[in-house]
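Inspection log for the structure reproduced underneath, given as structure tokens.
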Amino acid sequence: MNNALTIAKKEFRDILKSRLLLIIILFMAVITVTSILVSSQVFQSQVSQYNELLNLLKELGKAPAGPAPELFPLNLLRGVIDYIEIIGAVLGILLGYLTISKEKNSKTLNLILTRPVSRTEIVIGKVLGNGAFIALTLLGVGVFSYLGLLVVGGAALNQIELLKLGLVLLLSFAYIMIFFSLTFLLSLRMKTISHALMIAFVIWLAVVLILPQVGDTMDPDNQVPGGFFNSMHLTKPQETQVMANFKNYETMRNSIEQMSITKHYERASFAILGIKEEFNAVPLADIIVRQWVNIALVFGLFAAGLFACGMLMSRRRRGYAFDSGT
Amino acid sequence: MTSSYVVAGQEIRAILREKTFILLLVIFIGMTLASTYIGWSSAHTIQSVYDATVSLLMQQGSPIPPPPFAGASHLSLLKNMVIYVVLIGALLAITVGYLMGIRDRRAAVTRIIFSRNITKQQFLGGKVLAMFFALGSILLAAAVVSTVSSMLLSQITFTDLVRIASFYGFSLVYLAGFAFLGLSFALTRKTSTLALVIPIIIWVAITFVLPELTSALYPTASLNPTSLQTDVMPSPVLNAIHRAVYPLSISEQFKIVTERILLLPHQPVVTSGLNYPFWLGYVAVPIWTIACLITSLFAIGRLNPSQAELNE
């Protein structure tokens, strides 16, 4: 176990020295704050519009028909979750690639294996080192989110909200580690290591962007700017009644979305943070019960990825295919 | 000029042997085909949903609004292509530029190439020619797929054909910018990873971050081909950002222009004060491409053939 910790420390130090990862971390910090700034400005606009309307109604001697906009601070993190889906996955891919490519390029993996270090310890060390870095990055995102909500959004989080934020960050950790393990596996398997990076990006494109986009595009409500059901002035029960006639279509659309792990991560995160409005008033335990499939799939795939990395590494009898990274 | 043609010919042959390029190409053409079907299926379903809504409202004795999608263009079947050019097309273009820039450095042949009778400008000219040939061929193939699939599922007029051709022509201008970006970083960065990842980060910023800043669009909402109505008017901060950054939001400018070309409905951002003219995108996108070409010229100028080899 000491060997694994030594490898983990070395991994962590190597990552901190990497300019590329520094660029990504800075980028994530900037977009986290940007996203909270935009969301809070949109919310403040809604409040000021509501107040203007309220004053107008008062002047006319009428009472307001709708409720005042209510701030649920965690709702302002929608953009942050979107960015973790996209950039977080890129971070996982790069870490998975770099951890193997540096060993292959400098031909050090076989050298390590001549020492009293088992293959399992190498995998554990690499996963621990990179995992620690991802956890630290997400902790940074959490701190930036907390401060952003406080300073830019003017909203302090209570204990339950902090717990929800923590849970989403934990889920984000598992989500990013899925992409880490995928690229780790590809980099170990492929003879030409740069192909592993390209293929990981192609998978990322399909899973993170294309599949959710196709599902979203097929949603009948998304066919009209502003929403089809909104334009038809339908209530939610009426909408449900209409869509009951299109169960097969909706099942197909949902199946396309469910092929993407990103969508499972998004559904669980949006529910926990209350970005999906129906979950705002639901206790956290009930949200977890209702979202357990999505949560289990993210953690399940994360565990399967790690297991596959360990199995692949320990089964390789000969040395690694050393190429020039071309 | 002959030297440029030789470089271009070599680049085209090399890129056709690249598995990653072929994989992305297959995805792009596959999604082009799928986009027409998805457009047709969505249009067919929304009509059925409207009919079911009308029937329900009639039963309840409520007033029936007119269909909100009445008067949609035949070309609305292709609305997803606008997004696929922005997503897959741009990544494909980055890959093309990157592969063309990095190949000689990886093979450690830059020194040999420049020991021959070829200038840096001729070398870059050859790469640019090959890039336009590769991207042009891909978009031509996509245009053929879009036209044939649209003809099978809808009535297409001659004007529609011209619009499809214009859409893909404008897409070539947009994508060329990303290809130049891929090429520039591939020629100058010290590692191949950095050379690939920096253009991808720039692409993420252009595709997701700038639209959020300028139009308050959530990153994943940028992937919806039906443009959303956003309103930044009541917020002085968002208004100020919109005014300053909107012309630089290239992916939004591309979407606005192509939505006009394909006669798709467009929802302009509601702002106070300055409203940018509709033709902004027609100017902003070519300027973006020219700026990226200039970046490539600087990159080739900085390339030191004796130190360009990648030791990875």
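The figures here come from the full heavy-atom set of this structure, side chains too, leaving out hydrogens, waters and symmetry mates. Throughout, a chain's letter reflects where its sequence line sits, starting with A, and its residues are numbered from 1.
- Looking at B:I38, the atoms closer than 4.5 Å to chain A (heavy atoms on both sides) all sit in the side chain, from C-beta outward.
- Legend: salt bridge (Lys or Arg N to Asp or Glu O under 4.0 Å) pairs involving residues 86-98 of chain A, not counting sequence neighbours: none detected.
- Looking only at side-chain heavy atoms (C-beta outward), A:E266 and B:T220 come within less than 4.5 Å of each other.
- Both the backbone and the side chain of B:A205 come within less than 4.5 Å of a heavy atom in chain A.
- At a 4.5 Å heavy-atom cutoff, the contact between B:R189 and chain A is made by side-chain atoms alone.
- The choice from A:L209, A:D219, A:N245 that makes the most heavy-atom pairs within less than 4.5 Å of chain B is A:L209.
- Using a 4.5 Å cut-off on side-chain heavy atoms (C-beta onward), A:I275 and B:Y218 make no contact.
- Of the listed residues B:I27, B:L87, B:I88, the one with more heavy-atom pairs under 4.5 angstrom with chain A than any other is B:I88.
- Heavy atoms of A:I93 lying under 4.5 Å from chain B are absent altogether.
- The contact between B:I201 and chain A is made by backbone and side chain atoms together, counting heavy-atom distances below 4.5 Å.
- A 4.5 Å side-chain heavy-atom check between B:V197 and A:I24 finds at least one atom pair inside the cut-off.
- For B:S76, no part lies near chain A; criterion is any non-hydrogen pair under 4.5 Å.
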Mind running side-chain contact (heavy atoms from CB on, under 4.5 Å) on A:Q213 and B:M31 for me, showing each step along the way? CA-CA 12 Å; A:Q213 192 274 343; B:M31 289 314 292; 5.6 Å; no
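- Counting heavy-atom pairs under 4.5 Å between each of B:I102, B:L91, B:T45 and chain A puts B:T45 at the top.
- In this structure, the side chains of A:P220 and B:Y50 stay at 4.5 Å or more apart for every pair of heavy atoms.
- The closest side-chain heavy-atom distance from B:F208 to A:I86 is below 4.5 Å.
- Looking only at heavy-atom pairs under 4.5 Å with chain B, the residue among A:S39, A:S35, A:P212 that has the most is A:S35.
- Only the side chain of A:L94 comes within less than 4.5 Å of a heavy atom in chain B; its backbone stays farther off.
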If you apply the rule side-chain contact (heavy atoms from CB on, under 4.5 Å), what do you find for A:D216 with B:L223, and how did you get there? CA-CA 9 Å; A:D216 229 28; B:L223 303 178; over 6 Å; no
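- At least one side-chain heavy atom of B:L99 sits under 4.5 Å from a side-chain heavy atom of A:M198.
- Both the backbone and the side chain of A:Q41 come within less than 4.5 Å of a heavy atom of chain B.
- Contact of B:L196 with chain A is made through the side chain alone, with heavy-atom distances under 4.5 Å.
- Residues B:T95 and A:F201 have side chains not in contact (no heavy-atom distance under 4.5 Å, counting atoms from C-beta outward).
- The side-chain heavy atoms of B:V49 and A:Y249, taken from C-beta on, include no pair separated by under 4.5 Å.
- Partner of B:I241 under the side chain to side chain contact (heavy atoms under 4.5 Å, CB included) criterion, chosen from A:T34, A:L37, A:V38: A:L37.
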Quick one, B:L57 with A:H233, criterion side-chain contact (heavy atoms from CB on, under 4.5 Å). Give me CA distance, side-chain angles, the key distance, then yes/no. CA-CA 10 Å; B:L57 292 175; A:H233 313 296; over 6 Å; no
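- The two residues B:T193 and A:Y97 make their nearest non-hydrogen contact at OG1-CE2, 3.2 Å.
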